[in-house]
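Note on naming: letters A, B, ... go to the chains in the order of the sequence lines (proteins, then strands), and numbering restarts at 1 for each one.
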Amino acid sequence: MSGLQPVRGTRDIFGDESRRHRHVENLARDIAERYGYSEIATPVFEFTEVFARSLGETSDIVSKEMYTFEDRGGARLTLRPENTAGVVRAFISNGLTQQLPAKLFYSGPMFRYERPQKGRQRQFHQVGVELLGAAEPLADVEVIALGADLLSALGLEERVVLELNSLGDAESRQTYRSVLVEYLQSRRNELSPDSLLRLERNPLRILDSKDKDDQAVVANAPLITDSLNAASRGFLEEVLKGLEVLGIAYRHNPRLVRGLDYYCHTAFEFTTDALGAQNAVLAGGRYDGLAEQLGGPSTPGIGWAAGVERLAMLVSDVPPLPRPVAVAPVSDEQTPAALAISQQLRRAGLAVDLGYAGKFAKRMKRANKINARVTVIVGEDELARDVVTVRDMDTGEQKEVALSSLTDDVARFY
RNA sequence: GCGGGAGUAGCUCAGUUGGUUAGAGCACCUGGUUGUGGUCCAGGGGGUCGUGGGUUCAAAUCCCAUCUCUCGCCCCA
């Protein structure tokens, strides 16, 4: 353990862990493309304003979790704590509002100043999608289906549960908020200190409190479902119908709320019980008011984000590394020939590892260690006859192959 | 931000009445002669015992602080 440590809550990702991350990321990108999404990369920092306006000043993220700093020119900047605000900002900045719907996929690091835990770093990674300009419930269904596809492609369908709720439109939420606050006020002496604070700032959050006393109060609280107006109710029903058509199992949880201000109508999260307190792996919802709030044209939107670290931890079968071809010159005199042969095989699309130095036995050991499928042995005797020896590392069988047909011969092992 | 647990070689861990050059397994390196790996045998490198103070003749071992990880709260992906 050296004294040189990475910053708290950050980590170096390499080796097996890196492959797991890439697996999650690549799968997400591929599936998103199948749904017609194209990738967008927004800057890792934005004007603080972008997040403050979209997430809500009272949200925990804005009020205490952002990495905010002033640059040398005096601009107030923030490392993105999530990417929906950035993508919507980019959508407005680049005039994408002219071609709707816009379907965008992203992948990259996010930053939140939180107490680190397993599945919760200060720099972490998310993949996500945003669908802008579609107000129809069908859009919600498609976005959720995309998420579900990703999870099942990762082999996680048995390990996650989809919970879903509707927060309704602005009117419904207003109605519910007052009904809920009235109820909670009547029982305020039973609430936890945390929830008393939430009662002032963000009463809906009390619904998913883990405090025992709070839960007892919440158990009898009015449900948002009962406050939904006809339009909102109809919207929810359409979404649920779509999920049923696709055979996507869900649990309607009327107490599911979201921490960020911009959500409306559909809110959902895929959760797991395999990660302790960090149970959400992929979550999102509809945010029809966000674009306008950021100063753009009123544009409906829906999307989700998934935690790459969390998914990577859950995935059990990561595709194995491709087995390379080892090229082993018998002695240093054969190195130039071996180098040329290596390049030839690489240009044919094979993964090749050339043994640089050491005695022949050592190069064979290396070939074994890197799990080579075959070893091309480049020896003096063979070269004199324009052949090399190809050894099958699984069976130990080997045969001489003409240099002219080497590529085809080696390719047959794959 | 609050409360609990942990921190000894690259990895998994031993190491208590505080006392000689701090150990094991795995991994790594070299060798077992002349062009052949996975097994085996022999040898070897590698740790300021998270860091900084303190107590002591003497500290991995006791005390304080601090950093990091971890579990829960909070929050969230």
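- Base engagement by A:Ile377 is indicated by at least one non-hydrogen atom pair under 4.0 Å involving a base atom.
- Contacts with RNA chain B (heavy atom under 4.0 Å) in residues 391-401 of chain A: A:Arg391, A:Met393, A:Asp394, A:Gly396, A:Gln398, listed by number.
- For A:Phe360, the listed nucleotide lying nearest its side chain is B:U36; candidates were B:U36, B:C75, B:A77.
- At a threshold of 4.0 angstrom between heavy atoms, the contacts of A:Arg11 with the nucleic acid are absent.
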Item to check | A:Leu79 and A:Tyr113: CA distance, side-chain angles, deciding distance, side-chain contact (heavy atoms from CB on, under 4.5 Å) verdict | outcome: CA-CA 10 Å; A:Leu79 297 181; A:Tyr113 189 85; over 6 Å; no
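- Dashed line: the shortest gap from a side-chain N or O of A:Lys118 to OP1 or OP2 of B:A6 is not under 4.0 Å.
- Heavy atoms of A:Ala367 sit nowhere under 4.0 angstrom from any nucleic acid atom.
- In this model, a side-chain donor or acceptor of A:Arg120 finds a partner on the base of B:C74 within 3.5 Å.
- At a cut-off of 3.5 angstrom, the base of B:G3 holds at least one donor-acceptor pair with the side chain of A:Arg115.
- Remark: A:Gln117 is in phosphate contact with B:G72, judged by side-chain N or O atoms under 4.0 Å from OP1 or OP2.
- The CZ-C1' distance, from A:Arg122 to B:C74, rounds to 14 Å in whole Å.
- Judged by distance alone with a 3.5 Å cut-off, no donor-acceptor contact links the side chain of A:Glu333 to the base of B:G35.
- Judged by the 6.0 Å distance and 45° axis criteria, A:Arg76 is not positioned over the aromatic ring of A:Phe47.
- Here the side chain of A:Asp194 is nearest to one of B:U30, B:C74, B:G37, namely B:C74.
- OP1 or OP2 of B:U30 sits under 4.0 Å from a side-chain N or O of A:Lys362.
- Across all strands, A:Arg8 comes closer than 4.0 Å only to sugar-phosphate atoms, never to a base (heavy-atom distances).
- Within the 4.0 angstrom heavy-atom criterion, base atoms lie near A:Asp381.
- Contact annotation: A:Arg205 reaches the phosphate of B:C76 (side-chain N/O to OP1 or OP2, under 4.0 Å).
- Closest contact between the side chain of A:Arg112 and the listed nucleotides B:G1, B:G31, B:A77 involves B:A77.
- For the residue pair A:Arg177 / A:Gln174, no side-chain donor-acceptor distance below 3.5 Å is found, with atom types taken as modelled.
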